[in-house]
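To start, the structure under review is shown below, and the notes come after it.
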Amino acid sequence: MNQAQTLLPMRTGEIRIHDEAGFAGMRKAGRLVAECLDMLEPEVQPGVETAHIDNLIREFVFDHGAQSATIGYRGYKHASCISLNHVICHGIPSERVFKEGDIANIDVTVIVDGWHGDHSRMFAAGEIKRKASRLIEATYEAMMAGIAVVKPGAHFGDIGEAISEIARKNRLSVVEDFCGHGLGQLFHDEPNVVHSARAGTGPVLAEGMFFTIEPMLNVGRKDGVILKDGWTAVTRDRQLSAQFEHSVGVTADGVEIFTTSPKGRHTPHKR
Ligand code: MF3
Ligand code: CO
Ligand code: CO
């Protein structure tokens with residue numbers, strides 16, 4: 001075990017409360033990962049390999065003196081997950097080339113001074129179908145609705161209720177197999193943030209809690225399967241899936257989003 005590992009906090013089973021130094025650390029990490037995804041906006045084009053995008057991400061992270069949280073994580077070898085079309089999450093960068101009309105979630109987690117910034121957005125290659133852009137807009141709306149209910153005294157289940165409400169209105173399903181998570185000096189900490197939970201259930205939020213909200217919404221059924229590579233999660237019915245992820249902190253009277261795009265790039269096409 002090296003020095004860095006001995007200094008890392010352990011999972012305690014309780015939800016960690018962070019102080020102002022934690023907020024400062026998360027702001028730096030969150031900003032860097034948001035800038036990284038901003039940098040990709042002109043790069044995702046028909047004809048480009050997903051592995052090329054991953055290379056750009058790795059270089060960006062290292063050039064900024066940061067670390068990739070995913071390289072070496074449970075044997076994962078890449079600086080990003082790139083999840084195309086019917087891939088729910090954890091798509092592996094490869095020689096697969098973006099085609100006109102593809103949609104893709106790109107998910108990057110960086111470590112800056114020990115703090116984790118975990119963020120993902122949807123990207124579009126060329127012009128995409130109405131069904132795809134509606135799914136993307138609704139999924140973004142669902143994430144932001146989940147974030148909007150975050151404040152001390154609310155329950156974690158209130159987040160899932162707000163997300164589910166947007167999904168229901170848009171006749172989309174909410175993936176239950178993957179959750180948001182606490183983060184900070186750990187990548188995946190307590191609690192699980194359940195995107196399909198009911199209002200008033202789950203732990204109570206308190207100032208200083210840091211976690212992700214990262215809903216995955218499907219056009220068809222919520223069910224997924226993992227491919228033989230052990231990572232790639234796809235919809236069982238092979239219909240489209242979309243995801244957005246922000247890292248957030250609970251403040252005295254609400255929420256701070258650590259991973260807001262400095263360039264105001266939130267969803268493809270619409271700004
Ligand atoms: N970034 C993902 C998350 O939001 C986790 C990816 S783990 C990996 O939690 F190993 F697949 F990269
Ligand atoms: Co995450
Ligand atoms: Co992520």
Side-chain angles (χ1 to χ4, degrees), residues 8-18 22 26 29-30 33 69-70 73-74 76 81 83 87-91 105 107-109 111 115-120 139 142-168 172-218 221-226 230-233 235 241-250 255-259:
L8 266 184
M10 292 185 303
R11 280 185 85 139
T12 58
E14 290 188 9
I15 304 172
R16 217 172 291 276
I17 301 295
H18 301 273
M26 291 300 285
V33 70
T70 56
Y73 177 80
R74 298 180 183 223
Y76 196 75
C81 297
S83 302
V87 179
I88 296 172
C89 64
H90 300 164
N105 174 275
D107 189 345
V108 177
T109 312
I111 310 174
W115 296 94
H116 288 74
D118 189 3
H119 176 39
S120 80
T139 306
M143 174 185 67
M144 294 309 285
I147 292 172
V149 302
V150 172
K151 62 173 186 205
H155 288 256
F156 273 94
D158 301 352
I159 299 168
E161 178 88 28
I163 290 166
S164 303
E165 176 68 21
I166 303 293
R168 196 155 50 237
L172 300 167
S173 60
V174 180
V175 170
E176 293 178 2
D177 298 348
F178 301 93
C179 298
H181 49 91
L183 85 170
Q185 291 174 298
L186 295 178
F187 188 2
H188 292 118
D189 204 351
E190 304 298 333
N192 286 327
V193 180
V194 180
H195 303 117
S196 57
R198 295 276 79 99
T201 66
V204 174
L205 280 70
E207 183 178 0
M209 290 181 180
F210 298 163
F211 51 90
T212 71
I213 299 181
E214 48 180 304
M216 290 138 274
L217 269 56
N218 296 348
R221 299 185 60 86
K222 68 183 182 198
D223 312 80
V225 286
I226 311 270
W231 286 103
T232 313
T235 54
S241 184
Q243 178 178 26
F244 283 88
E245 174 173 27
H246 270 320
S247 296
V248 306
V250 184
V255 63
E256 177 172 345
I257 303 175
F258 297 125
T259 43

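Owing to the predicted nature of the structure, the values given are computational and were not obtained by experimental measurement.
Summarising the geometry of S241 relative to T235, their closest heavy-atom pair is CB-CG2, 3.9 Å, with the distance given to 0.1 Å. Counting all heavy atoms, side chain and backbone alike, D158 lies closest to A199 at OD1-CA, 3.4 Å. M209 and I17 get closest at one heavy-atom pair: CG-CD1, 3.7 Å. Nearest heavy atom pair, residue A197 against residue S164, reads O-OG, 4.3 Å.
Atom CD1 of I213 and atom CZ of F244 lie 14.5 Å apart (nearest 0.5 Å). Within the model, atoms CD1 of I15 and CG of L205 stand 7.5 Å from one another, a figure rounded to the nearest 0.5 Å. Taking CG of L172 as the reference point, atom CD1 of I163 lies at 13.0 Å (rounded to 0.5 Å). Annotation: the span from H246 atom NE2 to M143 atom CE amounts to 4.0 Å, rounded to 0.5 Å. Note that CE of M26 and OG1 of T259 are 8.5 Å apart. Values are rounded to the nearest 0.5 Å. Once rounded to the nearest 0.5 Å, the distance linking OG1 of T139 with CD1 of I166 reads 10.5 Å.
For the pair Q243 (side chain) and E214 (backbone), a donor-acceptor distance under 3.5 Å is present.
In this structure, W231 and C81 have side chains that are not in contact, with every pair of non-hydrogen atoms separated by 4.5 Å or more. Two residues are said to be in side-chain contact when any heavy atoms from C-beta on lie closer than 4.5 Å; M144 and I257 meet this criterion. At least one side-chain heavy atom of D118 sits under 4.5 Å from a side-chain heavy atom of D107. With contacts defined as side-chain heavy-atom distances shorter than 4.5 Å, the pair V194/F156 does not qualify. S247 is listed as a side-chain neighbour of T212, based on a closest heavy-atom distance under 4.5 Å.
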Test side-chain contact (heavy atoms from CB on, under 4.5 Å) applied to F211 and V248, step by step: CA-CA 6 Å; F211 51 90; V248 306; 3.7 Å; yes

Could you walk me through whether V150 and V250 pass the side-chain contact (heavy atoms from CB on, under 4.5 Å) check? CA-CA 7 Å; V150 172; V250 184; 3.8 Å; yes

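The salt bridge (charged side-chain N to carboxylate O under 4.0 Å, His left out) contacts involving residues 180-201 comprise R11-E190, R16-D189, E161-R198, where partners must be two or more places apart or lie in separate chains.
When each of H116, H188, H90 is checked for a ring-ring contact (aromatic ring centres under 6.0 Å, His included) with Y73, only H188 meets the rule.
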